[in-house]
Amino acid sequence: MKLHELRIDTASPEQPQASIMIIYTGGTAGMVLDKSKALVPFDFNLILEHMPVLKSFNLLLKVVSFDTPVDSSNINPEHWKLIAEIILHNYQTHDGFVVLHGTDTMAYTASALSFMLEGLNKPVIFTGAQLPVSSPRSDAHENLVTSLEIASAQKDGRPIVPEVAIYFDYYLFRANRAKKVESQHFDAFNSENYPTLAEAGIAIEYNTDRILPFVPGDHLKVSTSIDTAVTILKLFPGMSKTTVESVLSTPGLKGVVMETFGAGNAPTTPWLVDCLSRAIDAGIIIFNVSQCPGGKVSQGRYETSKILDMIGVIGGNDITLEAAITKMMYLLGTIKSKKEVKKLLSLPLRGEMDDRK
Ligand code: ASP
């Protein structure tokens, strides 16, 4: 994919406070109305015209844009790899990264990146907007400005947020804990099972105890191998055997994220247990996440989840669906041993789940 690049020195002639890369992938934030009043991505060369706010920093900014900015519904693992590679190639020369991305699948991309960027010691802040930048009430400006500030924030010469995060509507969330929860109001994201990493008021208050620590000497290792032989199976009362069987017999299927009820419960009807059990025996990994946005899966707490534990379903604890599916794709792509994949699914790798069962 072709990329466009632009360097903007907003500090000149002074020394810039930090060097930040903006990766523009698309989404509402970067859209304007064309002559026919349809929303289209703006011409990248006019970025300063649409976002004059970029000039008001004391930063060295490098802006990289996808050749064709995309609505995030069209984002796929090839785009995740591209973002990961851009970060890898520019890691040494930049203090932090801001990724402008559509909100619809931002939690998936940001979660995937949190797994793909092992040993990350710099901020990678995802943001976007609910209203296009051309709209007078657009939230794009505030979201971008504060993301840049967070990406460049340092204390004692170290980044304050050395992890992948999502900044939106005055709050900073851990990427692999966040979910898009709202499509009409500005507060599009939430992180039900983990406290916010920061809140932006007059000052930005960082919740430092909850932010992943800077690890001296850690080196960035990027894995771009993603296995898409996975699926999501959402249970509902009255679900038919034919549906479950047809999902589980998908040719080449390696992993299933199963969305269960409450604390990880599923119907105990023998045909379902039998279908799941046969799939597990055939080598398919089944990862249990709850349909509830808050709380956690405790397999064995109720009779309706005990059997899942017995047949070898892996409990997903308090992980989000977005983090579960991207973690599975990352682990299946990176690790050969199924036993090891199963073990790692149940352990926190990047703060995506609680370490207590
Ligand atoms: N459909 C848009 C996208 O996800 C919505 C947004 O950016 O908020 O790309």
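Throughout, residue positions are numbered sequentially from 1 according to the sequence presented. Read the numbers this way: they start at 1 and go in the same order the structure lists the ligands and their atoms. The figures here come from the full heavy-atom set of this structure, side chains too, leaving out hydrogens, waters and symmetry mates.
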Novice: Is there a salt bridge (Lys or Arg N to Asp or Glu O under 4.0 Å) between K327 and E352? Walk through the geometry before answering.
Specialist: CA-CA 9 Å; K327 183 178 183 181; E352 75 281 8; 2.6 Å; yes
Novice: Please answer whether the main-chain N or O of V215 pairs with a side-chain N or O of N121 as donor and acceptor at a distance below 3.5 Å.
Specialist: yes
Novice: Evaluate the criterion salt bridge (Lys or Arg N to Asp or Glu O under 4.0 Å) for residue pair D95 and K122; output intermediate values, then yes/no.
Specialist: CA-CA 7 Å; D95 299 299; K122 293 186 179 183; 5.3 Å; no
Novice: Aromatic rings F189 and F173: how do their planes relate, parallel, tilted or perpendicular, breaks at 30° and 60°?
Specialist: tilted
Novice: Measure centre to centre between the rings of F66 and H79, then say whether the value is under 6.0 Å.
Specialist: yes
Novice: Report yes if D104 has an N/O atom closer than 3.5 Å to an N/O atom of ligand 1; otherwise report no.
Specialist: yes
Novice: Around atom 5 (C) of ligand 1, find the nearest protein heavy atom and jot down its residue, atom name and distance.
Specialist: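 Nearest protein contact, heavy atoms only, for atom 5 (C) of ligand 1 is T28 OG1, 3.2 Å.
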Novice: Short N/O distance, under 3.5 Å, between T103 and ligand 1?
Specialist: yes
Novice: Indicate, as side chain, backbone, both or neither, the part of A129 found under 4.0 angstrom from ligand 1 when only non-hydrogen atoms are considered.
Specialist: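 For A129, only backbone atoms sit under 4.0 Å from ligand 1.
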Novice: Any N or O of T105 that comes nearer than 3.5 Å to an N or O of ligand 1?
Specialist: no
Novice: Closer than 4.0 Å to some heavy atom of G27 - which atoms of ligand 1 meet that?
Specialist: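 Within the 4.0 Å cut-off of G27, ligand 1 contributes 7 (O), 9 (O).
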Novice: For atom 3 (C) of ligand 1, which of the options A29, S72, G30 provides the nearest non-hydrogen atom?
Specialist: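 Among A29, S72, G30, the closest heavy atom to atom 3 (C) of ligand 1 belongs to S72.
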Novice: Quick one, E142 with T146, criterion side-chain hydrogen bond (donor to acceptor under 3.5 Å, both in side chains). Give me CA distance, side-chain angles, the key distance, then yes/no.
Specialist: CA-CA 6 Å; E142 200 292 315; T146 306; 2.4 Å; yes
